[in-house]
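Encoded as C-alpha cells, the structure appears first; notes follow it.
The sequence lines fix the lettering, A, B, ..., with proteins before strands; numbering per chain opens at 1.
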Amino acid sequence: MPAPLRLHNTLTRKVEEFVPLVPGKVSLYVCGMTVYDHCHVGHARAMVVFDAFVRYLRLRGYEVTFVRNFTDVDDKIIARANERGEDPNVLAQRYVDAFRADAAGLGLVAPDHEPRVTESMPEIIALIVTLIDKGHAYAQDGSVWFSVSSYDEYGKLSHQKVEELRSADEALGKRAPADFALWKAAKSGEPSWPSQWGPGRPGWHIECSAMANMHLGGTIDIHGGGLDLVFPHHENEIAQSECGIARPYVGTWMHNGLLTMTSGQKMGKSLGNVINVHSALEAFPAEALRLYYLHNHYRSPLPWSEDALPEALGMLSRLYDAREKAEAMAGDDEPDALAKELGPDAAAVLELGRAFPTKFHQAVDHDFNTAQGLAHLFELARAVNRFANHKKAKSRGRPIVEAALAAFILVRDAFGLMAMPTHAFHSEVKAKRLAALGLDRAHIEALLSERAAARTTKDWPRADTLRKELEQLRIEVLDLPTGVEWRVRLTAD
RNA sequence: GGUGCGGUAGCCAAGUGGUUAGGCAUCGGUUUGCAAAACCGACACACGUGGGUUCAAAUCCCAUCCGCACCUCCA
C-alpha cells in the first residue's frame, strides 16, 4: 500500500489527504511549455518541482502516469515567427528541441506521454463539437466561443467573479465579455487546420482539456502548473472539461510559486529579466539548480539573485563532502557496541541516520515539504562531519555511518540530488566554473606543480606566493592529507 | 476596485498550539607549515503592529500596516 500523502489543493485552499481515484495509481498532468522561446530558470522551477514530485510518488509506492504537454500552436508562436519571417512550425520545433536539451541537462525524468497540440487536433475538435452539442459553446464567424454563463461553477478555482472580469477580444463576435475562444478562425498567413467551422486553430485552453483526457481519462488525480496559470488557463480547463468530459475534472490542483527577482517582481518573458536554463547549466551543475529549487517550499515565491546558484552549489558541496567522508570509512564492528565505545558523536550519527527515513518522509509527505526534508539531511551531514573528526572514524567508523549513507541514497531517489560520484561532481563543477570564468586550466596546473615543487623543498614563502597568485584567479588550493586538491571559488570577490 | 498569498535574527528560509529546523554571511576558537574544508562558539530573549482566546501562541481569532501575485501573454 503506498504511503498516505497530504497535499495542498488550490481548489479548496487547504492541505488535505490525497486520495487517488484508483488506489495506488496516480494520473498526473503538468502544463508544459509554449514553445516560442527558450526555457528559463522560472520554467525550470516548475519542471524540477514536478520531476521530483513524480520521483517521490514512485518511491512511495504509487504507479504514476505522468503527462506533460507542448503547446506548439499559439498566438505568441505565430507573432514571434512573423517578427522573424520564419515558419511558425519550424520555430516551434526548434524550441521543442531546445526544451528537450534543457530537460536532459536538468536530468528530468521523461513523461509517460508528451502530447503536442498539432498532433491532437481530432480530439480537440471532437471536444469542441461536444461542447457545442451540449449548449456550452457557440460558433460565430468561423470561431467558436465557450459560453461562461452556461457553467454556473465558473470561477471556483480562482475565485474570480464573472462580472468583475475585464474583457478582451471584444468585437470579435463574443456574446459575453468573459467568454473565451475554443477555436480561432484563421487569419491569412497563419497555420490552420480544417474544421466544420472553417479553417482555424485551437484556442489556448482547449488543448490541455483534450490532451489530458486523451492520455489520462475523464477525471485526473493531480493537475500541476505554475501559479500564474490558475486564471484564466486552469479555470477555463475546468469549465471545458467539466462541461464536455467528466466531473470533476481534477481531484487535486497543485500550483508552484513563481520565481521572483530580488525586487520582489516575478521573472517573466514580458519583463525581460529572464535567465535561460541553458546558460545557467553552462556555469553550474544541474543539481545546484535542483537544490536551489527544492530547498524552498514549492508554493512559496522564490527569489532569484546572482548569489542564488553559488550558494546552492556551496550547499551541495557540503553534502557531497560529508558523504565522501562517510564513504571513505572502513570497519565492520557491530554498530551499537561500536557507538558505545567511540562516544556520543558516534552515537549521534547512528541515531540520526536510523531516524532519517521516518523524519524525511514525515516532512515530505506533508505537502511535499522538500525544504524540511533537506534540513534533516543537513543535520545528518553535520553529525557525520563531527564524527569524522575522530581519530578512529576512518579506520572503524563504517558501521556507524551506514545508515547515513542510506539516507543519501534515499534523497537521491526521491529528489534526484547527490546522484553523482563525488569526484565526478567536483570535476564537473571545476569544468563549468573554469569555463564560466574564462580560466585557463593548463596555466593553473603549471602554477600548481610549481607550488608542489616549492613545498617539497619546504620553500614556504614561494609556496605562499603561488597560493596567492592562484587565489587571485579564484582558485583555492587544498593541502589534504591525501594530496593536493584545488577548487574554483564560488563566491564573488 | 475584486481574488489570493505572504511579512520569522545581517540575508534566504522551514515551522502541522507545548524540547535551539536548515542554509548563507560576519566575527572569535580548534585544526593547518600557511590556507581551505570540517567542527565548536558568538551574532540569537527571532516571529510586521495592536488587541484577544489559552496553563501555554510564530501557529487560533479580531483589527491594522506593509509587500507581492493574479483579474484574458506567462511555469
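Counting only heavy atoms from C-beta on, Met315(A) has its side chain closest to C24(B) among A13(B), C71(B), C24(B). In this structure, of A21(B), A35(B), G33(B), it is A35(B) that holds the atom nearest to the side chain of Leu478(A). In this structure, of C39(B), C70(B), C34(B), it is C70(B) that holds the atom nearest to the side chain of Gln160(A). Here the side chain of Arg318(A) is nearest to one of A75(B), C34(B), A38(B), namely A38(B). Out of A13(B), A75(B), G33(B), the shortest distance to the side chain of Pro303(A) is found at A13(B). Of the listed nucleotides (U16(B), G33(B), A35(B)), A35(B) has the atom at the smallest distance from the side chain of Arg467(A). Checking A36(B), G22(B), A14(B) against the side-chain heavy atoms of Ala371(A) singles out A14(B) as nearest. In the set A13(B), U72(B), A75(B), the nucleotide with an atom closest to the side chain of Cys31(A) is A75(B). Listed nucleotides: A36(B), C34(B), A75(B). Nearest to the side chain of Asp228(A): A75(B). Side-chain proximity of Pro232(A) to U72(B), C34(B), A36(B): nearest is U72(B).
The 5' end of RNA chain B is approached more closely, in terms of each residue's nearest nucleotide, by Ala363(A) than by the other of Glu311(A) and Ala363(A). The residue among Ala463(A) and Asp74(A) whose nearest nucleotide of RNA chain B lies closer to the 5′ end is Ala463(A).
Other residues, nucleotides and ligands contribute over 12 non-hydrogen atoms within 6.0 Å of the CD atom of Glu327(A). No more than 12 heavy atoms of other residues, nucleotides or ligands sit less than 6.0 Å from atom NZ of Lys394(A).
Residue-level contact check: Lys325(A) touches the backbone only, with heavy atoms under 4.0 Å from sugar-phosphate atoms and none from bases. Among the protein residues, Val30(A) comes within range of no part of the nucleic acid, since none of its heavy atoms lies under 4.0 Å from any strand. Here Gly32(A) lies in heavy-atom contact (under 4.0 Å) with sugar-phosphate atoms only. Asn256(A) comes within 4.0 angstrom of a nucleotide base, judged by non-hydrogen atoms across all strands.
Here, A13(B) and C27(B) have their P atoms 24 Å apart, quoted to the whole Å. Distance check on atom P: U3(B) versus U8(B) gives 26 Å, rounded to whole Å. Comparing the same atom, P, in U59(B) and in A9(B) gives a spacing of 15 Å after rounding to whole Å. One C1' atom belongs to U26(B), the other to C34(B), and the distance between them is 22 Å to the nearest Å. Using C1' as the reference atom, U30(B) and A35(B) are 15 Å apart when rounded to the nearest Å. The separation of U64(B) from C47(B), taken at their P atoms, amounts to 23 Å, rounded to a whole angstrom. Taking atom P on both U19(B) and A58(B), the two are 10 Å apart, rounded to the nearest angstrom. Nucleotides G28(B) and C60(B) place their C1' atoms 42 Å apart, quoted to the nearest Å.
Neither OP1 nor OP2 of A36(B) sits under 4.0 Å from any side-chain N or O of Arg487(A). Between His159(A) and G4(B) there is a side-chain polar atom (N or O) within less than 4.0 angstrom of OP1 or OP2. OP1 or OP2 of C73(B) has not a single side-chain nitrogen or oxygen of Arg80(A) nearer than 4.0 Å. In this model, the phosphate group of C39(B) is approached by a side-chain N or O of Asn385(A) to a distance below 4.0 Å at OP1 or OP2. In terms of phosphate contacts, Ser300(A) brings no side-chain nitrogen or oxygen within less than 4.0 Å of OP1 or OP2 of G6(B). The side chain of Arg382(A) places no N or O atom within less than 4.0 Å of a non-bridging phosphate oxygen (OP1 or OP2) of A38(B).
Residue ring and base: Trp460(A) counts as stacked with G33(B) (centre distance below 5.5 Å, interplanar angle below 30°).
A cation-pi arrangement is present between Arg433(A) and Phe284(A), with the terminal nitrogen or guanidinium carbon under 6.0 Å from the aromatic centre and inside a 45° cone about the axis. Relative to the ring axis of Tyr138(A), Arg175(A) places its NZ or CZ within 45° and under 6.0 Å from the centre.
Under 3.5 Å, the side chain of Arg462(A) and the base of G33(B) form no donor-acceptor pair of N or O atoms. Contact annotation: side chain of Arg45(A) to base of A75(B), donor-acceptor pair absent below 3.5 Å. Contact annotation: side chain of Asp307(A) to base of C11(B), donor-acceptor pair absent below 3.5 Å. Judged by distance alone, with hydrogens and angles left aside, Asn369(A) brings no side-chain donor or acceptor close enough to the base of G15(B) to form a pair under 3.5 Å. Below the 3.5 angstrom threshold, one finds a donor paired with an acceptor across the side chain of Arg455(A) and the base of G33(B).
Side chains of Tyr29(A) and Glu237(A): a donor-acceptor N/O pair is absent below 3.5 angstrom, by distance only.
In this entry the distance linking CZ of Arg451(A) with P of A35(B) reads 12 Å, nearest Å. We find that NE2 of His361(A) is positioned 18 Å from C1' of U16(B), with the value rounded to whole Å. As rounded to whole Å, 16 Å separates atom P of C34(B) from atom CG of Asp459(A). Whole-Å rounding puts the Asp37(A) CG to A75(B) P distance at 10 Å. Between the CE atom of Met254(A) and the P atom of A75(B) there is a distance of 18 Å, given to the nearest Å. If you take CG of Asn296(A) and C1' of C5(B), they are 15 Å apart, rounded to a whole angstrom. Atom-to-atom, CG of Leu302(A) to P of C68(B) comes out at 17 Å; the value is rounded to the nearest Å.
No option in Ile77(A), Asp74(A), Asp72(A) other than Ile77(A) meets the side-chain contact (heavy atoms from CB on, under 4.5 Å) test with Pro88(A).
Nucleotide A42(B): paired with U26(B) (Watson-Crick or G-U wobble, both distances less than 3.5 Å). Using N1 to N3 plus N6-O4 or O6-N4 for Watson-Crick, or N1-O2 and O6-N3 for G-U wobble, each under 3.5 Å, U3(B) pairs with A69(B). In this structure U49(B) sits in a base pair with A63(B), meeting the Watson-Crick or G-U test at under 3.5 Å. When both pairing distances are held under 3.5 Å, U16(B) makes no Watson-Crick or G-U pair with any nucleotide shown. Across all strands shown, A35(B) forms no Watson-Crick or G-U wobble pair with both key distances under 3.5 Å. Pairing partner, A21(B): none, since no Watson-Crick or wobble contact has both distances short of 3.5 Å.
For the pair Asp479(A) and Arg451(A), the salt-bridge criterion is met [side-chain N within less than 4.0 Å of a carboxylate O].
Taking 90° from 0 as the syn/anti boundary, the base of C45(B) is oriented syn.
Ring geometry, His376(A) versus Phe356(A): the interplanar angle exceeds 60°, so the pair is classed perpendicular (tilted spans 30 to 60°).
Put simply, the side chain of Asn9(A) gets close to the backbone of Trp253(A): a donor and an acceptor are under 3.5 Å apart.
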| Run the ring pair (Phe, Tyr, Trp, His ring centres under 6.0 Å) check on His38(A) and His278(A) step by step: do they pass? | CA-CA 8 Å; His38(A) 287 286; His278(A) 178 73; 7.1 Å; no
